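Below, chains carry the letters A, B, ... as their sequence lines are ordered, and counting in each starts from 1. Model, not experiment: these values are computed from the prediction.
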There are 2 protein chains.
Amino acid sequence: MGDQRFKDSVETTLKVIGGKWKLVILCHLIDGVRRFGELKRDMPHITQKMLTQQLRELELDGIIDRKVYTQVPPKVEYSLTEYGLTIKDVLNVLSKWGDQHQQIIPPLPADDR
Amino acid sequence: MGDQRFKDSVETTLKVIGGKWKLVILCHLIDGVRRFGELKRDMPHITQKMLTQQLRELELDGIIDRKVYTQVPPKVEYSLTEYGLTIKDVLNVLSKWGDQHQQIIPPLPADDR
DNA sequence: CGGGATCCCTAATGATACTG
DNA sequence: CAGTATCATTAGGGATCCCG
């Protein structure tokens, strides 16, 4: 299991969906199409810059689609690509693990860690 | 799926095993006990400081065990705790996904991205 | 509304030297 | 061998202003 190839694959995954925001963004897109403003509203802690930036990177990696409606005011919709849908398995496992972890090792009280 | 609780659980996971190194370290521990020097040798890019630091955090989160042999020269062994073994599912899914990704979106040639 | 462009700061990481 | 301790560096991220 822990051989070189296995490790390389994990590192590849980290490069693509690692970081502070990408998986969270994908959580919001997993249920369907979302507008930029919706994403921003549902993630109060992310800045506009970060959101834009991370969306671009996900788009470049073929995970999400960006559809621009040329109208005033502008409207941009984001959604998972067919390939991006494969991320569901990953999200499910991560969510399940985090869920267990919270029960076994509860977060420190009144603290964000 | 993409509800608040789901998202929170994913974020919890990211806090515990997120970052650049922890999952890679766990890859090496998944096959069994490893000494500090072995880990360092098998991860040429990590610095001693980072390795120590990340190991401490994993220990605090109950994922790995640290066994110190009081002898000269010193000997310290790291291994997954029983609870830490639950990380296997996560690693498998991440490795599998990264493996597919490499085939579909091959890394840029002669570049580290 | 959905950005882009700047400036700026800090937390994370690295390099290096030292030690029980 | 398995770490500390310290200093230097950098990348990630935030605040703000501007724009079609």
Side-chain angles (χ1 to χ4, degrees), chain A residues 10-11 13-29 32-61 64-80 108 111-113, chain B residues 10-11 13-29 32-61 64-80 108 111-113:
Chain A
V10 171
E11 285 184 316
T13 304
L14 287 180
K15 280 184 189 167
V16 179
I17 52 170
K20 196 175 173 181
W21 297 114
K22 286 180 184 172
L23 283 169
V24 178
I25 293 172
L26 292 174
C27 278
H28 286 277
L29 291 177
V33 181
R34 288 285 181 278
R35 291 186 59 171
F36 184 88
E38 292 182 289
L39 291 172
K40 180 73 189 69
R41 174 166 46 73
D42 293 340
M43 295 191 278
H45 290 63
I46 197 174
T47 59
Q48 205 167 38
K49 174 185 163 185
M50 275 299 107
L51 181 54
T52 303
Q53 187 178 302
Q54 305 294 302
L55 286 169
R56 289 291 177 284
E57 292 182 19
L58 289 170
E59 191 190 356
L60 278 175
D61 276 312
I64 65 173
D65 247 339
R66 178 169 182 262
K67 183 167 186 182
V68 183
Y69 294 83
T70 320
Q71 61 180 44
V72 189
K75 174 178 169 183
V76 181
E77 285 181 346
Y78 293 92
S79 59
L80 292 180
L108 304 179
D111 188 315
D112 283 332
R113 302 246 309 181
Chain B
V10 171
E11 286 184 316
T13 303
L14 287 180
K15 280 184 190 167
V16 179
I17 54 171
K20 196 174 173 181
W21 297 113
K22 286 181 183 172
L23 282 169
V24 178
I25 292 172
L26 292 173
C27 278
H28 286 277
L29 290 177
V33 180
R34 289 285 180 277
R35 292 186 58 169
F36 184 88
E38 293 180 289
L39 292 172
K40 181 73 190 69
R41 172 167 47 72
D42 293 340
M43 297 191 278
H45 291 63
I46 198 173
T47 59
Q48 204 168 34
K49 175 184 162 186
M50 275 298 108
L51 181 54
T52 304
Q53 186 177 306
Q54 305 294 302
L55 286 169
R56 289 291 179 284
E57 291 182 20
L58 288 170
E59 191 190 358
L60 278 175
D61 276 312
I64 65 173
D65 247 338
R66 177 170 183 263
K67 183 167 185 181
V68 183
Y69 294 82
T70 320
Q71 60 179 47
V72 189
K75 174 178 170 183
V76 180
E77 286 180 344
Y78 293 92
S79 58
L80 292 181
L108 304 180
D111 188 313
D112 283 334
R113 306 236 319 174

query: Lys20(A) near the nucleic acid: base, sugar-phosphate alone, or nothing, with a heavy-atom cut-off under 4.0 Å?
result: sugar-phosphate
- prompt: Quick one: is dA2(D) close enough that its OP1 or OP2 comes under 4.0 Å of any side-chain N or O from Arg35(B)?
  reply: yes
- line: Of all heavy-atom pairs linking Leu29(B) and Tyr78(B), the shortest is CD2-O, 3.5 Å
Proximity to the side chain of Phe36(A) - top-ranked nucleotide from dT6(D), dG2(C), dG3(D): dG2(C)
field: Minimum-distance nucleotide to Thr52(A) side chain [options: dG4(C), dC1(D), dA2(D)]
entry: dG4(C)
- prompt: Which is true for Arg66(A) with a 4.0 Å heavy-atom rule: it touches a base, it touches only sugar-phosphate, or it touches nothing?
  reply: sugar-phosphate
message: Nearest whole Å is fine: how far is dA12(C) C1' from Leu14(A) CG?
response: 16 Å
message: So Gln53(A), base contact, sugar-phosphate only, or nothing? Heavy-atom distance under 4.0 Å.
response: nothing
field: Atom-pair distance (CD1 on Ile25(A); C1' on dG13(D)), nearest Å
entry: 13 Å
query: Which pair of heavy atoms, one from Leu14(A) and one from Gly19(B), lies closest together, and at what distance?
result: CD1-O, 4.4 Å
field: Contact summary for Val24(A) and His28(A), nearest pair of heavy atoms
entry: O-CD2, 3.2 Å
query: Between His45(A) and Pro74(A), who's closer to the 5' end of DNA chain D by nearest nucleotide?
result: His45(A)
query: Roughly how many Å is it from CZ in Arg41(B) to C1' in dC1(D), rounded to a whole number?
result: 13 Å
- request: Kindly point out which of dA15(C), dG14(D), dC1(D) is positioned nearest to the side chain of Met50(A)?
  value: dG14(D)
message: Please classify the nucleic acid contact of Tyr78(B) as base, sugar-phosphate, or nothing, using heavy-atom distances under 4.0 Å.
response: sugar-phosphate
query: How many angstroms lie between atom CD of Gln53(A) and atom CD of Gln48(A), to the nearest 0.5 angstrom?
result: 12.5 Å
message: OP1 or OP2 of dT4(D) versus the side-chain N and O atoms of Arg56(B): is any pair under 4.0 Å?
response: yes
